[in-house]
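A quick write-up on the structure given underneath.
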Amino acid sequence: MTTTATQGPQGRRPAPQGHPGGQAYPDRTPREHASPGAALAVLPHVLRTALAWTDAHRGEFALPDDVLEPHTQVNATLKPLGELAQLCSTVRTATTPGTPEHEVAGDLVTYAWQQVGAGDLLLELLRAEPFAAYPYEIYAAFAGYGLRHEGFEALARPLTATRAWAHTEQHANRQLGLINSERRVGVVTHTDAGGVLSRTWLGGLSEPWTFEGPSGYALTHTVFHLTDWGRMPDRVPEKIDAYLRTWLPAWADGCLESGQWDLTGELLAVAASLPGPAPLELLDAVWPVLADVQHATGCVPETGLPVQQDAPPDPYPFIDCYHSTLVTAFAAALSLRSLTHEVMPGRERHTP
């Protein structure tokens, strides 16, 4: 089983800031021209069509028969399936029961659970790589949704209590992900989240002009792990909340100008995961732009110039649009919740 550290979707380093290949994006709307209510006008359609595309392509997430073999690439097999489970479980939690979006998201989580044999495959992975984080993190995506496997947890429990587990060497934002996974499974976390947060790019309130692709994805995932993928916004400390509200607009502008659609979606999800009032101006400015990039079938490219709307039904290779499409659905569900002041089950009211 081969896995690699990732800096963006599929482990590919995002294109540098600036216009890729010298191409411009003349139709991108500047932030200062945002219309009040513009986000709410496009979000329901964006969410529905992104989920519809994902549902129509669920077979692309299917695991190969040799998924447990050493040569299998985790980033091309288990990683997309884990992302499907994680992001769709949040979409289901953020949407209203009985709506098509709620039902489709739940069906996709069920599909992903079936692909891992209701947890049996994850147990085999844990046996093969007991101190690798990814089997535990994928399992935690299901456990947080209420899907459990007794055998997996029986083996994981003593492993996560070892000194080796507590001292696994990894980047701080990745360690926050492991802490959040432990919370979801229900075990004692191996270290304090606050201390780890202070060692992240975001926790250090880094100079905003140092924002670029890798630090951008590190920032977004720091927020996702801290808030349990948007479920608990009030875990965001006041200083970080203020810092993000100040600089998210400029960073989002940069991503729009350079065609970084996947990172744009993640920044929108971060904006919708903040405690307190939704950042209306930012959401109203950016969502219409991303809605314009979205293809009529619902898919969204990771980067670059979007294809014309009369392109074939599958205008991009699956590997180049599945993550950004999932992120778009995830961010849209969180944004709708934020704009309509709905409270997700389990949402905390006070910063710990």
Side-chain angles (χ1 to χ4, degrees), residues 1-7 11 63 66-83 85-86 89 112-113 115-204 217-218 221-229 231-232 235 237 346 348 352:
M1 184 71 63
T2 304
T3 183
T4 59
T6 60
Q7 294 169 303
L63 296 177
D66 61 352
V67 67
L68 293 174
E69 296 300 320
H71 65 268
T72 299
Q73 294 290 327
V74 170
N75 284 346
T77 54
L78 285 157
K79 181 175 180 286
L81 189 73
E83 291 163 340
Q86 178 59 74
S89 68
W113 186 238
Q115 284 294 305
V116 296
D120 288 346
L121 186 143
L122 298 176
L123 174 58
E124 291 304 311
L125 285 172
L126 189 64
R127 286 172 174 161
E129 300 183 70
F131 291 100
Y134 74 92
Y136 195 85
E137 290 177 317
I138 294 173
Y139 177 76
F142 293 109
Y145 186 72
L147 298 172
R148 299 273 184 164
H149 188 284
E150 291 183 6
F152 183 97
E153 295 192 22
L155 177 58
R157 198 172 299 113
L159 290 173
T160 57
T162 62
R163 293 188 298 276
W165 180 269
H167 292 86
T168 299
E169 297 185 15
Q170 53 190 313
H171 292 297
N173 77 84
R174 293 287 299 111
Q175 193 172 11
L176 277 179
L178 198 54
I179 291 171
N180 188 52
S181 295
E182 291 166 338
R183 284 171 167 167
R184 287 187 146 208
V185 175
V187 301
V188 176
T189 58
H190 70 275
T191 190
D192 174 63
V196 178
L197 175 61
S198 68
R199 294 190 285 107
T200 64
W201 187 94
L202 175 61
Y217 280 106
H221 282 74
T222 294
V223 174
F224 298 157
H225 300 320
L226 186 65
T227 63
D228 192 16
W229 298 86
R231 287 179 170 88
M232 304 201 176
R235 282 181 178 172
E348 293 178 351

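It should be emphasised that the depicted structure is a prediction, and the values quoted were computed from it without experimental measurement. For reference, positions follow the sequence shown, starting with 1.
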Would you please test Lys79 and Tyr134 for side chain to side chain contact (heavy atoms under 4.5 Å, CB included) and show each step?
CA-CA 8 Å; Lys79 181 175 180 286; Tyr134 74 92; over 6 Å; no
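- Using the six-membered ring where Trp is involved, Phe224 and His221 have ring planes that are perpendicular, over 60° apart on the 30 and 60° scheme.
- Thr222 places a side-chain N or O within 3.5 Å of a backbone atom of Ala218 that can act as its donor or acceptor partner.
- Between Tyr136 and Leu159, every side-chain heavy-atom pair lies at or beyond the 4.5 Å cut-off.
- Side-chain contact between Tyr139 and Arg148 is present, with heavy atoms from C-beta onward closer than 4.5 Å.
- Of all heavy-atom pairs between Leu147 and Trp113, the closest is CD1-CG, 3.6 Å.
- By the 4.5 Å heavy-atom criterion applied to side chains, Val116 and Phe152 are not counted as neighbours.
- Counting all heavy atoms, side chain and backbone alike, Gln170 lies closest to Leu178 at NE2-CD2, 3.5 Å.
- Minimum interatomic distance between Ala166 and His190 (heavy atoms only, all atoms of both residues): O-CD2, 3.6 Å.
- At a threshold of 4.5 Å between non-hydrogen side-chain atoms, the residues Glu153 and Val185 count as touching.
- Residues His149 and Phe142 have side chains not in contact (no heavy-atom distance under 4.5 Å, counting atoms from C-beta outward).
- Leu176 and Thr200 make their closest contact through CD1-CG2, 4.1 Å (heavy atoms, listed as atom of the first residue, atom of the second, distance).
- Asp228 places none of its side-chain heavy atoms less than 4.5 Å from the side chain of Arg183.
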Under the side chain to side chain contact (heavy atoms under 4.5 Å, CB included) rule, what do Leu125 and Leu78 come out as? Steps first, then yes or no, please.
CA-CA 11 Å; Leu125 285 172; Leu78 285 157; 3.6 Å; yes
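- Arg174 and Ala133 get closest at one heavy-atom pair: NH2-CB, 4.4 Å.
- Atom CG of Asn173 sits about 6.0 Å away from atom NE2 of His225, to the nearest 0.5 Å.
- At distances below 3.5 Å, not a single donor-acceptor pair connects side-chain atoms of Thr189 with backbone N or O atoms of Glu182.
- Taking CD1 of Ile138 as the reference point, atom CG of Leu81 lies at 7.5 Å (rounded to 0.5 Å).
- Side-chain N or O atoms of Gln86 include none that pairs as donor or acceptor with a backbone N or O of Ala141 at under 3.5 Å.
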Kindly determine whether Leu155 and Arg127 satisfy side chain to side chain contact (heavy atoms under 4.5 Å, CB included), including the steps that lead there.
CA-CA 8 Å; Leu155 177 58; Arg127 286 172 174 161; 3.6 Å; yes
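- Note that CG of Asp66 and OG1 of Thr72 are 4.0 Å apart. Values are rounded to the nearest 0.5 Å.
- The distance from atom CE of Met232 to atom CG of Leu226, rounded to the nearest 0.5 Å, is 11.0 Å.
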Apply side chain to side chain contact (heavy atoms under 4.5 Å, CB included) to Arg235 and Asn180, showing your working.
CA-CA 12 Å; Arg235 282 181 178 172; Asn180 188 52; 3.8 Å; yes
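- With rounding to the nearest 0.5 angstrom, the CG atom of Leu121 is 11.5 Å from the CG atom of Leu126.
- Between the Asp192 side chain and the Gly195 main chain, a donor and an acceptor come within less than 3.5 Å of each other.
- Nearest heavy atoms, Gly151 versus Leu123: O-CD1, 3.8 Å.
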